[in-house]
Amino acid sequence: MEACREDPSLKSVKPGCHTRTRRRSIPTHRRVLLTTIGLFIAIFMATLSGAIIVNALPRIIEDLDGTQRQYSWVFAAPLVTATVATTVWGRLADRTSKKRLAQASVLIFILGSILTGLAKNTEVLIGLRGIQGVGVGGLLSLVHIVMASMIPSRERGRYMGYLGVVTALAIVAGPLLGGIIVDTPVLGWRWCFWIGVPVGVVALLLLECMPPLRTPVSHTGNSVLGAILLLSSISTLLVWVTLVGDLFEWSSWPSATVAGGGIALAILAWLVERGSTDPVVPLRIIRKRTMALAITASMAVAIVTMSTLVHAAQYFQITRGYTPTQSGALVVPMMLGLMCAMFVSGHMVTRTGRWKGHLIVGTALATVGIALLGTINQATSLVHLGIYMSLLGSGLGACTQNLILVAQDSLMYRDLGAGTSIMAFFQSLGSAAGVTFLGTLLALKSEQVFADGMAAHPGTGEWIGEGEILSWIQTRPVPGPTRDLAERAYGEAIALTFHVSAGAALAAFVAVLFLPAVSLRTTVGRVEAPNE
């Protein structure tokens with residue numbers, strides 16, 4: 001049997017060793033396996049909650065008389081709350097029971113799902129989706145924290161591959177399932193939210209099997225003020241991104257006031273956190289080269305992933321006229337590429353311990369794929385679309401999970417919760433900012449193209465005002481020429497969002513190039529920080 005190697009920062013030993021530490025026995029393989037299955041089910045549930053409404057949302061917005069900006073906020077609301085809650089969940093994991101925190105996040109998600117399915121208007125729907133996001137924020141960070149607490153980095157590459165496959169399956173199944181649900185009269189769109197409840201109950205029961213995991217950091221004080229300022233800053237800036245260009249112009253006093261307020265709150269949060277003995281976001285972690293570069297790349301990848309999923313559904317349903325079910329089937333090439341790349345990459349990283357090549361190739365493929373999607377219009381061949389989306393999915397699959405793995409490998413065990421939550425925080429921030437900013441850009445561009453077309457051909461129909469193009473073409477009997485113009489407007493606007501996303505993908509590629517190539521650890525925990 002391989003000799004056990006102690007890690008003073010963990011006060012534990014290598015998994016698989018049948019030795020006892022001073023505190024407790026090493027968790028059994030059975031408990032670790034059941035916990036891992038529970039974590040996979042939990043992340044499947046959280047991912048499904050976002051993916052399942054991708055193709056159902058046009059029908060939901062139509063049923064609740066929503067607008068294009070509300071369309072974006074139904075996606076953005078859980079991303080915003082997940083973003084602002086992620087750091088708190090992760091930092092709590094360094095202080096208290098990881099099992100109870102994971103179960104609490106599942107319970108919050110279940111409650112949010114039940115209430116969301118009862119929403120009677122778009123405003124209430126957005127608010128209740130925010131409750132879902134609080135639970136999702138916990139799962140996004142805690143799933144990776146718990147896995148990193150039980151499984152060494154080198155072995156975790158394989159498990160991250162499995163986790164990636166589970167995530168990809170949820171993304172693949174979600175749009176198809178959502179389309180089927182809204183197209184089935186006896187179900188209706190509300191079941192898109194309720195279907196995750198029984199899945200969450202199963203995850204909750206399996207997480208009860210979680211082995212005892214050491215809490216490495218003693219509670220020396222809590223920067224409550226810093227947390228409040230940080231969360232307020234993020235929320236303010238995301239609200240500004242969503243409302244600017246709609247309720248007020250970019251270069252206006254309201255815009256400057258909201259944006260300036262968000263920046264001022266961020267500066268105050270930084271000052272408070274820097275002086276705290278126990279900050280919510282330890283700045284020393286972010287200053288590390290590996291963490292800073294991994295955060296940059298991960299945030300950029302999240303922008304590309306979420307914006308593609310959201311806007312591809314609108315492209316297929318509004319620009320091309322496909323049903324929600326058909327739209328779900330048309331994104332399968334991207335999801336298959338994502339799933340296969342995650343699985344293969346995870347196993348290769350575990351076998352070799354080398355990861356940088358996967359990140360370089362992945363971000364390069366993602367950049368090429370999203371740039372090609374930026375060339376589409378309302379007449380682009382479905383074959384070409386499938387190829388572009390396969391390239392993009394393969395690239396995203398090769399780098400999404402590996403970026404988290406690399407970041408965790410650079411951390412000491414006492415910083416595992418904080419560091420992982422910081423990664424999840426910036427991923428959520430990228431997703432939220434991508435959806436809100438690119439959604440605003442899409443609305444402005446589609447309205448501009450549509451208005452220009454109406455001005456050039458005044459006899460094509462009656463225009464009822466900016467900001468309402470989506471609800472207008474969905475709820476009114478629109479004449480053929482006007483609908484053609486609306487479809488062209490959306491096609492051009494969605495292509496523009498893909499062009500902007502290509503810039504984010506290129507930033508991820510550059511960041512990955514500068515990551516230091518080090519071998520992954522074979523033990524849980526770290527005695528000291530890496531040389532960087």
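Judged as a side chain to side chain donor-acceptor pair (under 3.5 Å), and not counting sequence neighbours, the contacts of N377 are T380. Judged as a side chain to side chain contact (heavy atoms under 4.5 Å, CB included), and not counting sequence neighbours, the contacts of L118 are W194. With sequence neighbours excluded, the residues forming a side chain to side chain contact (heavy atoms under 4.5 Å, CB included) with A297 are L403, A508, A511, V512, listed by chain and number. S113 is linked by a side chain to side chain donor-acceptor pair (under 3.5 Å) to Q132, counting only residues two or more places apart in sequence or in another chain. When the side chain to side chain donor-acceptor pair (under 3.5 Å) test is applied to S49, no partner is found at least two apart in sequence or on another chain. For V361, the side chain to side chain contact (heavy atoms under 4.5 Å, CB included) partners at least two apart in sequence or on another chain are L365. K445 is linked by a salt bridge (Lys or Arg N to Asp or Glu O under 4.0 Å) to nothing, counting only residues two or more places apart in sequence or in another chain. Residues passing the side chain to side chain contact (heavy atoms under 4.5 Å, CB included) test with L177, sequence neighbours excluded: I52, I181, I195. Under the side chain to side chain donor-acceptor pair (under 3.5 Å) criterion, S307 pairs with S501, not counting sequence neighbours.
Atoms CZ and CG, on F514 and L293 in that order, are 8.5 Å from each other to the nearest 0.5 Å. Of the inter-residue distances, the one linking I41 atom CD1 with L204 atom CG reads 11.0 Å to the nearest 0.5 angstrom. In this structure, CG in L268 is found 12.0 Å from CD1 in I263, a value given to the nearest 0.5 Å. Once rounded to the nearest 0.5 Å, the distance linking CD1 of I145 with CD1 of I404 reads 11.0 Å. Atom CG in L271 sits 9.5 Å away from atom CG in L229 (nearest 0.5 Å). To the nearest 0.5 Å, atoms NZ (K98) and CG (L207) are separated by 14.0 Å.
Taking the side chain as every heavy atom from C-beta outward, Y388 and T375 approach each other to under 4.5 Å. Looking at heavy atoms from C-beta onward, L392 lies in side-chain contact with V304 at the 4.5 angstrom threshold. Taking 4.5 Å as the limit, some side-chain heavy atom of L142 sits within range of a side-chain heavy atom of S105. Contact annotation: the side chain of Q103 never approaches that of V106 to less than 4.5 Å [non-hydrogen atoms, C-beta and beyond]. A 4.5 Å side-chain heavy-atom check between M45 and F40 finds every atom pair outside the cut-off. Counting heavy atoms from C-beta outward, D63 and I60 have side chains that stay 4.5 Å or more apart. C399 has its side chain within reach of T363: a pair of non-hydrogen atoms, C-beta onward, lies under 4.5 Å apart. V331 places a side-chain heavy atom less than 4.5 Å from the side chain of F316.
What you find for A312 and M389 is that their closest heavy atoms are CB-CE, 4.3 Å. Shortest non-hydrogen contact noted between L48 and G174 is CD1-CA, 3.6 Å. Between I108 and I131 the shortest heavy-atom distance is CG2-O, 3.7 Å. Considering every non-hydrogen atom in both L139 and A46, the closest pair reads CD1-CB, 3.9 Å. Residues G362 and A398 come closest through the heavy atom pair CA-CB, 3.8 Å. In plain terms, the two heavy atoms of R190 and A119 that are nearest each other are NH1-O, 2.5 Å.
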| task | For L515 and W355, run side chain to side chain contact (heavy atoms under 4.5 Å, CB included): C-alpha distance rounded to whole Å, both residues' side-chain angles, the deciding distance at 0.1 Å, then the answer. | result | CA-CA 10 Å; L515 278 171; W355 47 265; 4.0 Å; yes
| said: Test side chain to side chain contact (heavy atoms under 4.5 Å, CB included) on L125 and F193; report intermediate values, then the result. | reply: CA-CA 11 Å; L125 179 72; F193 304 105; 3.9 Å; yes
| said: Run the side chain to side chain contact (heavy atoms under 4.5 Å, CB included) test on M342 and N402 for me, step by step, so that the C-alpha distance in whole Å, both residues' side-chain angles and the decisive distance to 0.1 Å come before the verdict. | reply: CA-CA 9 Å; M342 282 183 170; N402 284 328; over 6 Å; no
| task | Verify side chain to side chain contact (heavy atoms under 4.5 Å, CB included) between L405 and H144, making sure each step is shown before the conclusion. | result | CA-CA 9 Å; L405 179 63; H144 292 287; over 6 Å; no
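A donor-acceptor pair under 3.5 Å is formed between the side chain of R129 and the backbone N or O of V74. Listed for the S233 side chain is a donor-acceptor partner under 3.5 Å among the backbone atoms of G262.
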Sequence neighbours excluded and cut-off under 3.5 Å, please list the side-chain donor-acceptor pairs for residues 491-499, or say none.
unit_1, atom_1, unit_2, atom_2, d
E492, OE2, R488, NH1, 3.0
T497, OG1, I494, O, 2.6
H499, NE2, G374, O, 2.8

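Residue L391 is tested with L372, I370, T367 for a side-chain contact (heavy atoms from CB on, under 4.5 Å); the sole match is L372.
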